[in-house]
Amino acid sequence: MNEHVTVEETSAHIEALLFALGRPMSKTELAKKLGVSSEDIAAALLIFASRLTGGITLVDDGAQVELRTAPAASLLIEQLQKEEYSREIGRAGLEALSAILYRGPLTRAEIDFIRGVNSTQTLRTLTMRALVRKVSNPKDERSFLYEPTTELMALLGVRSVSELPAYAETRAKLEQLEAAYRAREERVPDAL
Amino acid sequence: MNEHVTVEETSAHIEALLFALGRPMSKTELAKKLGVSSEDIAAALLIFASRLTGGITLVDDGAQVELRTAPAASLLIEQLQKEEYSREIGRAGLEALSAILYRGPLTRAEIDFIRGVNSTQTLRTLTMRALVRKVSNPKDERSFLYEPTTELMALLGVRSVSELPAYAETRAKLEQLEAAYRAREERVPDAL
Amino acid sequence: MPISIKTPIYEGPLDLLLELIEKRKLLINDIALAMVTEEYLARVNSMESLPVGETAEFVALAATLLLIKSRSLLPLLTLTDEESEDIKELEYRLAVYQLVKNAAKELVGQLEEPMLYEGTAQEMSPAFIPDPSVTLSSLHGAAQALIAGFPQHLALPKVQVKTIMSIEEMIERLQERVTSALRLSFKEFAGVGKNKERGEIIISFLALLELVKQGIIKATQERDYGDITLESDSVSTPSYE
């Protein structure tokens, strides 16, 4: 539709939209609303993120993006916020989050399998706090996948999962383990 | 106070503050909050204005400054906001509304708890459409209670919530479920 | 002076098992698992009550551990495909859980980092925009959906993936194993002289006594302090030398 829109213009439109609506927006939604392809959105987001040098930063959870204050300004904002943010997450919640962050997206059954305990209640609380969200599972309509949110990224003070401690390394190790396990035994149930 | 703050840092702090608070701020207020001189603020604002990336603009009336969406995008934003607030409120909207009607008045956290998902965006839409309104919470100054508006009641043709279909029964059932769930949560302290 | 004992709280069976392995600085493999089997069983036995819904997991894991232990004690024991798979799966799950648990510890540190705050969007002033889908019946329907969607089944134990096995069944399984291993000496069974820990021999011996007491196997000691020969009642042709 918008054939003559430059990537700079798309970048500016994204900034304006995210700023004005004041909520996370999915990359698909951005493409649709701006009438450009998802490749255009990806390119514009790269440009946009590279230009942000001040008090605002772009948080990207993979599927959605959101504007947030930059880490350098956090202490100042913290002092001025009226509402107190609870950053407390119990051990069960942290384990479920780390499974979702480092090995996700995952179904509830997969999280249960990893932790060896039932995570229903933990996941419900995390969903309520918008730290994870349920999305439909392309492999199985009856189940959902849990994935991280921009809210979670912002709570952890990172712009994307790649900034998490030992992210690439841990993810690679988990993939290696799984590949080795699957190779050993082909008849693995679809547990993980 | 902040002797070693560079003008770039001050510029970033101003941007973060204006973004986080979302209201116009006087230059005097900025100088006070950031602990710098009014000359520092003036210099930082110049830098800030030169770095703007397209979608956001700085409105400066001499005494006060404010962040706004850039004029180039304002038509697009207006269109999207209208669209956002005129389409059907959907399942999430109906659920939040029914929680407020049958179990209200409720805080956002309580609505999240009943629904099991985060309701921030949904409540914002319902508020903008004047279907619900925020009133102060006598129990906690930092939070608000959501209650149905008179417009909503008129739309539904009822004078009070008690005239809603199966009101007493539904309210009792919800109360009972919440109590049972919270009781279990207490038995499992590390649920999150 | 009052003595306060801090009872560690375990999230679940995998957590407990990993704790025991890490405490001894072992790698996750069948040798390590055999080494911590007794302690795992002792810990599970000492728990006043197993967490609701997690009992099956605790017992299923205990069964796999006993299998690993029995194999380490009884070299003649051959495992079925399913049993081997259980052991591989347990090792895999432990390795994955170890990585996830360590990552969770890192996240604690990450929570100390400054968080990124939301912006406050300029809001338009509210204007009444009715929605035709908002009706008494749609709202009543939505309320019913909230009730139906509420986690009211949480208090009930979840159906487990694995069949629930009791401790009794587990011992039965071990008995079967000993029976089929025909005839062997206690030294072989308990691994005396192979740098086994004393406590382990004692526990093996207790397990043996339990089996003897139940008449599953016969134990003969030719002389005092001599070796004890174990023989299964149900098999008459000894083939073990």
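Please read all numbers here as calculations on a predicted model, not as lab measurements. Basis for what follows: all heavy atoms, side chains included, without hydrogens, waters or symmetry-related copies.
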S.K.: What distance separates A:Arg103 CZ from C:Leu99 CG, expressed to the nearest 0.5 Å?
M.R.: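 So the gap between those two atoms works out to 11.5 Å.
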
S.K.: Does any non-hydrogen side-chain atom of C:Gln110 lie less than 4.5 Å from one of A:Pro165?
M.R.: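 A:Pro165 reaches C:Gln110 side chain to side chain.
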
S.K.: Picking from C:Pro114, C:Pro13, C:Gly109, C:Gly119, which has the most non-hydrogen pairs under 4.5 angstrom with chain A?
M.R.: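 Ranked by heavy-atom pairs under 4.5 Å with chain A, first place is C:Pro114.
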
S.K.: Can you check whether C:Lys101 reaches A:Arg91 side chain to side chain, under 4.5 Å on heavy atoms?
M.R.: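 Touching, per the 4.5 Å side-chain cut-off.
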
S.K.: For A:Tyr167, enumerate each residue passing the ring-ring contact (aromatic ring centres under 6.0 Å, His included) test, keeping only those at least two apart in sequence or located in another chain.
M.R.: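 For A:Tyr167, the residues satisfying ring-ring contact (aromatic ring centres under 6.0 Å, His included) (neighbours in sequence not counted) are A:Tyr102.
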
S.K.: Tell me, side chain or backbone of A:Ala70 under 4.5 Å from chain C's heavy atoms, or both, or neither?
M.R.: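 The backbone, not the side chain.
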
S.K.: Is the NZ atom of C:Lys25 crowded by more than 12 outside heavy atoms at less than 6.0 Å?
M.R.: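 Atom NZ in C:Lys25 is not packed in, count stays at 12 or less.
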
S.K.: Where on A:Val158 is there a heavy atom nearer than 4.5 Å to chain C: the side chain, the backbone, both, or neither?
M.R.: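 For A:Val158, heavy atoms of backbone and side chain both lie under 4.5 Å from chain C.
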
S.K.: Less than 4.5 Å to any heavy atom of chain C: does that hold for the side chain of A:Ala20, its backbone, both, or neither?
M.R.: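 Just the backbone, heavy atoms under 4.5 Å.
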
S.K.: For residues A:Gly22 and C:Ala121, report the shortest heavy-atom separation together with the two atoms involved.
M.R.: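 What the structure gives for the nearest pair is CA-CB, 3.7 Å.
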
S.K.: Nearest 0.5 Å please: distance from the OH atom of A:Tyr181 over to the CD atom of C:Glu89.
M.R.: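 Atom-to-atom, A:Tyr181:OH and C:Glu89:CD are 4.0 Å apart.
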
S.K.: How long is the gap from CD on C:Glu106 to CG on A:Leu156, to the nearest 0.5 Å?
M.R.: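 Rounded to the nearest 0.5 Å, the CD-CG separation comes to 12.0 Å.
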
S.K.: Would you give the length of the straight line joining atom CG of A:Leu94 to atom NZ of C:Lys105, rounded to the nearest 0.5 angstrom?
M.R.: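 These two atoms lie 11.5 Å from each other.
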
S.K.: Quick one: list whatever passes side-chain hydrogen bond (donor to acceptor under 3.5 Å, both in side chains) with A:Thr150, sequence neighbours left out.
M.R.: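 By the side-chain hydrogen bond (donor to acceptor under 3.5 Å, both in side chains) rule, A:Thr150 matches A:Glu66.
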
S.K.: Does A:Arg68 reach the side chain of C:Tyr117, with side-chain heavy atoms less than 4.5 Å apart?
M.R.: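 A:Arg68 vs C:Tyr117: side chains apart.
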
S.K.: Please report the interatomic distance CG(A:Leu155) to CG(C:Leu107), rounded to the nearest 0.5 Å.
M.R.: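 Reported to 0.5 Å precision, the distance equals 10.0 Å.
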
S.K.: Select one option (side chain, backbone, both, neither) describing which atoms of A:Leu21 are under 4.5 Å from chain C's heavy atoms.
M.R.: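 For A:Leu21, the backbone is the part near chain C, not the side chain.
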
S.K.: Taking the six-membered ring for Trp, are A:Phe113 and C:Tyr92 parallel (under 30°), tilted (30 to 60°) or perpendicular (over 60°)?
M.R.: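 Answer is tilted, since the angle falls between 30° and 60°.
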
S.K.: Please check: side-chain N/O of A:Ser74 versus main-chain N/O of C:Met115, any donor-acceptor pairing under 3.5 Å?
M.R.: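 The answer is yes, because a donor-acceptor pair under 3.5 Å joins these two groups.
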
S.K.: What option among C:Leu94, C:Val108, C:Val100, C:Thr120 has the most heavy-atom pairs under 4.5 Å with chain A?
M.R.: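 Answer, by heavy-atom pair count under 4.5 Å with chain A: C:Val100.
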
S.K.: To the nearest 0.5 Å, tell me how far A:Leu174 CG sits from C:Gln98 CD.
M.R.: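 One finds 11.0 Å between CG of A:Leu174 and CD of C:Gln98.
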
S.K.: If you tally heavy-atom pairs under 4.5 Å against chain C, which of A:Arg23, A:Met153, A:Glu78 wins?
M.R.: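 Top count of heavy-atom pairs under 4.5 Å with chain C: A:Glu78.
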
S.K.: Just wondering, are more than 12 heavy atoms of other shown residues or ligands nearer than 6.0 Å to CZ in A:Arg159?
M.R.: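 Atom CZ in A:Arg159 is not packed in, count stays at 12 or less.
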
S.K.: Has A:Arg115 got its NZ or CZ under 6.0 Å from the middle of the six-membered ring of C:Tyr97, at an angle within 45 degrees of the ring axis?
M.R.: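 Cation-pi check for A:Arg115 and C:Tyr97: fails.
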
